[in-house]
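This report refers to the structure that appears directly beneath it.
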Amino acid sequence: LSTRRHPRSTLSSSSAASDVYKRQRNERDGIETLRSQLKQEERALGRQRLRFESEVEEHEAEFQIRHRQISQAEQTAESDRVKADLLRATAERDAAKIGLETANLQAERDLLEDKVMEITTLGQTV
């Protein structure tokens, strides 16, 4: 019987040890490649996250500006409604005054006409 020997640790392309070494080296290279790709993807994701955060901040700032504009517009609209109500009330009050003054003038006119008639009647009797 012949005794089987373990392969020698050699880099010779024909030995089994060389095949193991090559396989391990290829695996290490593959792992390093994957690590490198992972780091590149992490950096890319970091840049995307920063861009996203920047965009979110921009949108929040725009929202705040629009919110203030809307609030100001609502306040202006409310102020305009109050002014319109005051103008309407003033116009109604003035119309009522004019109506009252017109009624007073009409009553004075009627009194004057009555006096004219009375004087005319007295003048005719004399």
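Separating the NZ atom in K115 from the CD atom in E108 is a distance of 10.0 Å, to the nearest 0.5 Å. Residue Q24 holds its CD atom at 10.5 Å from CD1 of I31, rounded to the nearest 0.5 Å. Between M117 atom CE and L112 atom CG the span is 13.5 Å, to the nearest 0.5 Å. Here the straight-line distance linking atom CZ of R35 with atom CD of E32 works out to 5.0 Å at 0.5 Å rounding. The line from CG of D114 to CZ of R109 is 11.5 Å long, rounded to the nearest 0.5 Å. The CG atom of L38 lies 10.0 Å from the CZ atom of R43; values are rounded to the nearest 0.5 Å.
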Scan the side chains in residues 77-104 for donor-acceptor partners under 3.5 Å anywhere in the protein, sequence neighbours excluded, and list what turns up.
| from | atom 1 | to | atom 2 | distance (Å) |
| --- | --- | --- | --- | --- |
| E78 | OE1 | R81 | NE | 3.2 |
| E78 | OE1 | R81 | NH2 | 2.8 |
| D85 | OD1 | R88 | NH1 | 2.7 |
| T90 | OG1 | L86 | O | 2.8 |
| T102 | OG1 | I98 | O | 2.6 |

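For residues 59-74, the set of pairs meeting the salt bridge (Lys or Arg N to Asp or Glu O under 4.0 Å) definition, not counting sequence neighbours, comprises E62-R66.
A salt bridge links E53 with R49: the closest approach of a Lys/Arg side-chain nitrogen to an acidic carboxylate oxygen falls below 4.0 angstrom.
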Worksheet item: Is there a side chain to side chain contact (heavy atoms under 4.5 Å, CB included) between Q48 and L45 once you walk through the steps?
Response: CA-CA 5 Å; Q48 285 177 342; L45 286 174; 3.4 Å; yes
